Number of protein chains: 2
Amino acid sequence: MSQTVDRALSILPLLAEGPADLGQVADRLGVHKSTALRLLRTLHEHGLVYRQSDQRYRLGARLFALAQEAMENLDVREIAHPHLVRLNESCGHTVHLAVYEENEVLYIDKVESRYPVRMYSRIGKPVAITVAAVAKLLLADLPEHERRAVAEKLDYPAYTARSTPSATAFLRELEKVREQGWATDLGGHEESINCVAAPIRGADGRVVAAMSVSAPNVVVTADELLTLLPLVRRTADAISGEYSGRTPVKGTE
Amino acid sequence: MSQTVDRALSILPLLAEGPADLGQVADRLGVHKSTALRLLRTLHEHGLVYRQSDQRYRLGARLFALAQEAMENLDVREIAHPHLVRLNESCGHTVHLAVYEENEVLYIDKVESRYPVRMYSRIGKPVAITVAAVAKLLLADLPEHERRAVAEKLDYPAYTARSTPSATAFLRELEKVREQGWATDLGGHEESINCVAAPIRGADGRVVAAMSVSAPNVVVTADELLTLLPLVRRTADAISGEYSGRTPVKGTE
DNA sequence: CAGGGGTGTTGCACTGTCTGCAACATTCAT
DNA sequence: ATGAATGTTGCAGACAGTGCAACACCCCTG
């Protein structure tokens with residue numbers, strides 16, 4: 001692996017925290033200012049880094065464009081979207097779509113609740129991996145050793161009293177989820193919010209994404225939310241069918 | 001500028017076109033496969049590149065997370081301020097910066113008029129949302145259903161004879177503002193005060209803030225104030241460019 | 001206005017890191 | 001099996017990246 005590139009790329013997350021000047025960047029990289037300058041220049045030429053009027057550096061527009069493209073390359077998203085919208089129309093709650101990648105679970109699509117009380121989340125934001133229903137489904141599908149490895153590397157923050165407390169508890173939960181083919185999060189992240197989720201599978205049966213419906217207690221109780229499970233699973237299966245090319249897609253051509 | 005980093009970064013736009021395997025990447029970079037491999041590995045470790053199941057590389061989800069985090073940590077106010085000051089220096093009138101948040105429009109920055117007659121307003125104070133020029137711009141950019149929902153929930157106080165009288169009138173005005181890309185308030189809040197305003201947009205084109213120039217009749221007439229419109233819009237555009245990190249690259253070499 | 005501390009920038013010699021090569025590993029067809 | 005793809009590793013040599021020190025340039029303060 002390349003030292004120079006490694007250093008250069010380390011600058012990006014650093015700048016994501018907020019603008020920084022040359023000295024700060026050099027310090028946090030542990031290199032000489034002149035070195036940092038040259039790295040920043042290179043990043044700048046590629047548009048990943050931008051220099052604002054006070055001379056400080058921040059992430060540049062090119063990065064946003066790339067992120068956009070990366071998103072568009074995820075074709076599950078494209079296929080799933082109309083289904084998510086339809087589900088949202090029929091139940092009214094917030095619908096999420098998430099994928100697993102490199103020890104993280106990320107929301108890649110979201111359809112907002114039609115109720116005034118909304119839950120906070122944002123596309124691109126990493127999910128609370130130890131408690132979210134979608135995360136459970138995605139991790140439960142990993143090969144056994146990998147699953148164990150990931151579970152043991154994670155932190156288990158106690159967001160609420162119902163948060164997953166430890167790696168062993170998490171692995172047990174994953175086993176359960178794996179068998180039943182769906183997952184829930186009942187107040188594990190935020191006291192008053194519940195989710196039910198179902199997996200989306202590719203042609204080989206592997207889970208490629210997971211979707212969930214979330215709603216706060218004040219709108220529907222956990223039990224009421226659970227009655228939506230069949231609908232959520234049907235939707236996920238429909239997406240799976242289309243994604244794996246089993247279901248003929250009606251429409252153009 | 002750094003050759004290694006340059007090469008590594010050139011991989012990103014290349015992958016943005018679609019997934020590619022090691023050979024393709026090496027070819028298009030004009031380097032040996034082993035070199036390309038090491039670069040890709042480094043990118044991979046930083047999550048910027050993801051290796052899909054068929055071993056081909058594509059852009060990684062970490063790009064999102066970065067872009068997303070950068071957006072959240074960006075402070076419009078900080079970026080806009082020097083521009084507002086410059087505008088104030090060239091026209092002399094009061095300049096405001098405002099954002100929309102939770103059904104309210106708030107002033108978040110202000111540069112005072114240099115004329116003795118000043119208008120009353122305060123940073124952090126909610127704006128007269130149904131009449132202020134900045135409010136019109138911010139609301140005009142909301143998705144249609146949300147805009148309608150907000151408009152119908154509002155009160156329409158008759159500050160003056162020219163105040164917006166009703167939700168339907170307001171929605172009509174928002175439609176107009178949306179199309180022309182700028183807004184005015186001619187005596188809608190206080191009989192003798194006029195404003196012209198322009199929107200500030202983020203990388204995705206959404207309006208993130210709005211700025212205005214305000215002056216009382218006794219200093220300049222409404223028509224005279226309107227001649228400042230191009231200048232106001234240029235300033236807003238400059239801020240937009242800087243905020244979204246896409247202002248033309250100035251400087252070195 | 002001189003002086004001092006804070007930036008960012010440049011030229012240069014050295015060294016350490018990146019490079020390309022060639023051999024190896026692995027998978028897939030045939 | 002055999003061959004042709006692909007991805008991977010170790011190595012020696014070369015050159016690109018590094019840190020240094022000197023410079024340029026503010027913006028203060030006395």
Side-chain angles (χ1 to χ4, degrees), chain A residues 1-12 14-15 17-60 102 143 145-146 203-204 206, chain B residues 1-12 14-15 17-60 78-79 81-83 85-86 89 242 245 247-253:
Chain A
M1 145 186 113
S2 157
Q3 184 190 69
T4 317
V5 178
D6 186 45
R7 285 173 171 171
L9 297 183
S10 305
I11 294 178
L12 299 178
L14 194 156
L15 290 185
E17 294 170 20
D21 64 26
L22 182 60
Q24 297 171 312
V25 173
D27 281 353
R28 291 200 44 186
L29 282 186
V31 299
H32 196 93
K33 280 188 308 178
S34 59
T35 305
L37 177 68
R38 282 179 290 240
L39 296 177
L40 281 165
R41 269 229 260 271
T42 312
L43 289 168
H44 182 104
E45 261 164 41
H46 285 259
L48 297 185
V49 144
Y50 171 71
R51 193 144 200 208
Q52 42 186 34
S53 42
D54 59 357
Q55 294 226 100
R56 290 191 306 165
Y57 294 92
R58 23 165 296 230
L59 296 185
E102 311 285 332
H145 62 280
E146 200 172 337
D204 54 0
R206 295 284 312 271
Chain B
M1 130 175 131
S2 159
Q3 183 189 68
T4 317
V5 178
D6 187 44
R7 285 174 171 170
L9 297 182
S10 305
I11 293 178
L12 297 178
L14 193 156
L15 290 184
E17 295 169 19
D21 62 27
L22 181 61
Q24 297 172 310
V25 171
D27 280 355
R28 292 202 41 188
L29 282 187
V31 300
H32 195 93
K33 281 186 309 179
S34 59
T35 307
L37 177 68
R38 282 179 289 242
L39 297 177
L40 281 165
R41 269 227 260 272
T42 313
L43 289 168
H44 181 98
E45 260 163 42
H46 286 259
L48 298 185
V49 145
Y50 176 69
R51 192 141 200 208
Q52 42 187 36
S53 39
D54 61 354
Q55 295 225 101
R56 292 191 307 166
Y57 295 91
R58 63 167 184 71
L59 293 183
E78 207 183 320
I79 291 172
H81 192 77
H83 295 271
V85 170
R86 221 169 306 134
E89 277 163 2
E242 195 169 333
T247 310
V249 187
K250 39 119 187 256
T252 48
E253 313 161 275

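A quick note: this is a predicted structure, and the numbers were derived from the prediction, not measured. Throughout, a chain's letter reflects where its sequence line sits, starting with A, and its residues are numbered from 1. Values below: every heavy atom of this structure, side chains too, minus hydrogens, waters and symmetry copies.
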### Task
Could you check how far CG of Asp54(A) sits from C1' of dG6(C), rounded to whole Å?
15 Å
### Task
Starting from the first five and the last five pairs of the helix from dC1(C)-dG30(D) to dT30(C)-dA1(D), work out the angle between the resulting helix axes, to 10 degrees.
30°
### Task
Sugar-phosphate means primed atoms, P, OP1 and OP2; the rest is base. With that split, encode nucleotides 8-20 of chain D 5' to 3' as B, S or - using protein heavy atoms under 4.0 Å.
BB------SSBBB
### Task
Would you please name every residue forming a salt bridge (charged side-chain N to carboxylate O under 4.0 Å, His left out) with Arg41(B), sequence neighbours left out?
none
### Query
Sequence neighbours excluded, which residues qualify as salt bridge (charged side-chain N to carboxylate O under 4.0 Å, His left out) partners of Arg51(B)?
none
### Query
With sequence neighbours excluded, what pairs up with Arg38(B) under the side-chain contact (heavy atoms from CB on, under 4.5 Å) test?
Ser34(B), Thr35(B)
### Query
Who are the side-chain contact (heavy atoms from CB on, under 4.5 Å) partners of Ala8(A), not counting sequence neighbours?
Leu39(A), Val5(B)
### Query
Any side-chain heavy-atom pair from Val25(B) and Lys33(B) closer than 4.5 angstrom?
no
### Pairing residues for Arg56(B) by the side-chain contact (heavy atoms from CB on, under 4.5 Å) criterion, not counting sequence neighbours
Pro19(B), Asp21(B), Gln52(B), Asp54(B)
### Message
Just to verify, what does Glu17(A) make a side-chain hydrogen bond (donor to acceptor under 3.5 Å, both in side chains) with, not counting sequence neighbours?
### Response
Arg28(A)
### Message
The criterion is side-chain hydrogen bond (donor to acceptor under 3.5 Å, both in side chains); which residues satisfy it with His81(B), sequence neighbours excluded?
### Response
Asp109(B)
### Summary
Tyr50(B) meets the side-chain hydrogen bond (donor to acceptor under 3.5 Å, both in side chains) criterion, sequence neighbours left out, with none
### Query
Hey, what do you get for CG (Leu48(B)) to CD1 (Ile11(B)), rounding to the nearest 0.5 Å?
10.5 Å
Every protein N/O within reach of nucleotides 27-30 of chain C N/O, cut-off under 3.5 Å:
none

### Query
Over how many whole Å does the gap from Asp6(B) atom CG to dT19(C) atom P extend?
11 Å
